[in-house]
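Quick one: structure below, then a few questions.
Computation of the quantities below employed the complete heavy-atom set of this structure, encompassing side-chain atoms and omitting hydrogens, waters and symmetry-equivalent molecules.
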Amino acid sequence: MYCKKIRVRDFRNIKSAEVRFNEGVNILIGENAQGKTNLLEAIFYASVGKSFREGHASEIIRFGCPFAEIDIDFEDRAREQNIKMQIFRDRQRKVEKNHLKVERMSEIVGSFRAVLFAPEHLSLIKDGPAMRRNYLDIAISRLYPLYMKTLQRYNYILKQRNTLIKSAYADREAFDMTVDLWSEQLAHEAAVISKYRVEFIKRVEGYVKKCFFDMTGEREQISICYLGSSKNEADEYLDTAKIKERYVELLSSSHDREISAGATLFGTHKDDIEIKLNGKQARLYASQGQQRSLALALKIAEGEICRDEFGDHPVLLLDDVLSELDASRRKYLLDRISEKQVIMTSCEHIESTGAKIIRVENGKYFE
């Protein structure tokens, strides 16, 4: 996978820009708040149809402008392709793939594959379960379109079931008559999602262990496992019939608790990943440097699995990744990125043989 060129208009502080990239390492160099991360964000947006930053979607549109535009040319193993997006303040989007209109984002997710590491991804280790679920959902959706469709159905069913729960105080009879129908559907989708997630995490764990072995030798031991709200062992999640049965049981026996809580209490929207470093929970006991290395290893693993599935590496986007890595981890990373396209940001010069340097100043880009 190779990002050849991106054209951006009215995106964050970028009024209008066209930037070409080499197939190897590309380094965006400039002071803070000049537009380095904004360009990475635009590239990532073309990959997954959303930003990696917190905030309202309209915030990516330059002040006073009606919409932002991203137009990206890329090449995979088969051919050259193009994705064009217009993002409006009311959250509406116009999307084209190879100059043909696309109705749903699910039709383009996975077409242009990019993996991003940014300082925000420390939250994968130290923050709550929602961040880790989001990591899983984005990574797996790009590998398997069926997963995204299953997730969309699950979220729709969950929303309907939660609405029904909230109405139970006013009409308990209607709740009792219909809740099991929603529970059955929710359990079915939850079982499929769980299977995808467990299989993905098993693959991630293997790559993360290898990353840490290469970085540190045998000094640090990693384990990663799936924590489902049905409390089953990881291997049991691979039997979707059994997991569906377990979820139906949990949902049907918790009506009063759910009415009190006003929400569905069991399902894949409650699940988590447990990451342990040397036998201890990483979110509690890992140092800042260890957390950063773990988050980076998760993203590297995501890229390696993507390569396994499609036969080529995704574009690797690195935002200020080297600033807090020690010398050995920095060397390891620079050695690992030599065989793939990398677009990275830095406030200072980075020694990288053959890298293309792009200077960034106030939303403008100079080769």
- Message: Restricting to side-chain hydrogen bond (donor to acceptor under 3.5 Å, both in side chains), what partner residues turn up for K209, sequence neighbours left out?
- Response: none
- Please list, chain by chain and in numerical order, all residues satisfying side-chain hydrogen bond (donor to acceptor under 3.5 Å, both in side chains) with S293, sequence neighbours excluded.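 Checked S293 against side-chain hydrogen bond (donor to acceptor under 3.5 Å, both in side chains); matches are R329.
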- If you look only at pairs with a residue in residues 357-367, which of them pass as a side chain to side chain donor-acceptor pair (under 3.5 Å), with sequence neighbours excluded?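 Every side chain to side chain donor-acceptor pair (under 3.5 Å) pair that includes a residue of residues 357-367, provided the two are not neighbours, is K356-E367.
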- Would you call E249 and R246 a salt bridge, taking side-chain N to carboxylate O under 4.0 Å as the test?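 Yes.
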- Task: Applying side-chain hydrogen bond (donor to acceptor under 3.5 Å, both in side chains), run through N162 and T264 and close with a yes or a no.
- Result: CA-CA 6 Å; N162 283 341; T264 300; 2.8 Å; yes
- side-chain hydrogen bond (donor to acceptor under 3.5 Å, both in side chains) between E309 and Y144, worked out: CA-CA 10 Å; E309 290 292 322; Y144 309 112; 3.2 Å; yes
- Message: Tell me whether R113 contacts the main-chain N or O of G303 through its side chain, where contact means a donor paired with an acceptor under 3.5 Å.
- Response: no
Can you give the donor-acceptor pairs under 3.5 Å from side chains of residues 117-126 to other protein atoms, not counting sequence neighbours?
{"unit_1": "H121", "atom_1": "ND1", "unit_2": "L116", "atom_2": "O", "d": "3.4"}
{"unit_1": "H121", "atom_1": "ND1", "unit_2": "A118", "atom_2": "N", "d": "3.0"}
{"unit_1": "S123", "atom_1": "OG", "unit_2": "E120", "atom_2": "O", "d": "2.7"}

- Item | Any residue meeting side-chain hydrogen bond (donor to acceptor under 3.5 Å, both in side chains) with K15, in chain and number order, not counting sequence neighbours |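 Residues passing side-chain hydrogen bond (donor to acceptor under 3.5 Å, both in side chains) with K15: none at all.
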- Item | Shared-cluster residues of M148, by chain and number - hydrophobic side chains joined below 4.5 Å |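 Grouped by the 4.5 Å side-chain rule, V109 form the rest of the cluster around M148.
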- Do E96 and K101 sit within salt-bridge range, that is, some charged N less than 4.0 Å from a carboxylate O?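 Looking at K101 together with E96, the answer is no, because their closest N to O distance does not fall below 4.0 Å.
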- Query: What pairs with Y45 under side-chain hydrogen bond (donor to acceptor under 3.5 Å, both in side chains), at least two apart in sequence or on another chain?
  - Reply: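 Partners of Y45 by the side-chain hydrogen bond (donor to acceptor under 3.5 Å, both in side chains) criterion, ordered by chain and then number, come out as R93.
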- Output every pair passing ring pair (Phe, Tyr, Trp, His ring centres under 6.0 Å) with a member in residues 16-38, not counting sequence neighbours, ordered by first then second residue. none
- Task: Can you run down the ring pair (Phe, Tyr, Trp, His ring centres under 6.0 Å) pairs that involve residues 85-105, sequence neighbours left out, and say none if there aren't any?
- Result: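 Sorted result for residues 85-105: F67-F88.
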- Selection residues 30-47 - residue pairs positive for salt bridge (Lys or Arg N to Asp or Glu O under 4.0 Å), sequence neighbours left out: R12-E41, E41-R53
- Message: Per the ring pair (Phe, Tyr, Trp, His ring centres under 6.0 Å) rule, what does the pair list look like for residues 280-322, sequence neighbours excluded?
- Response: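 Not a single pair qualifies under ring pair (Phe, Tyr, Trp, His ring centres under 6.0 Å).
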- Task: Could you name each residue pair satisfying salt bridge (Lys or Arg N to Asp or Glu O under 4.0 Å) that touches residues 155-164, not counting sequence neighbours?
- Result: R161-E258
- Message: If the threshold is 4.0 Å, N to carboxylate O, is there a salt bridge linking R7 and D73?
- Response: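 Looking at D73 together with R7, the answer is yes, because their closest N to O distance falls below 4.0 Å.
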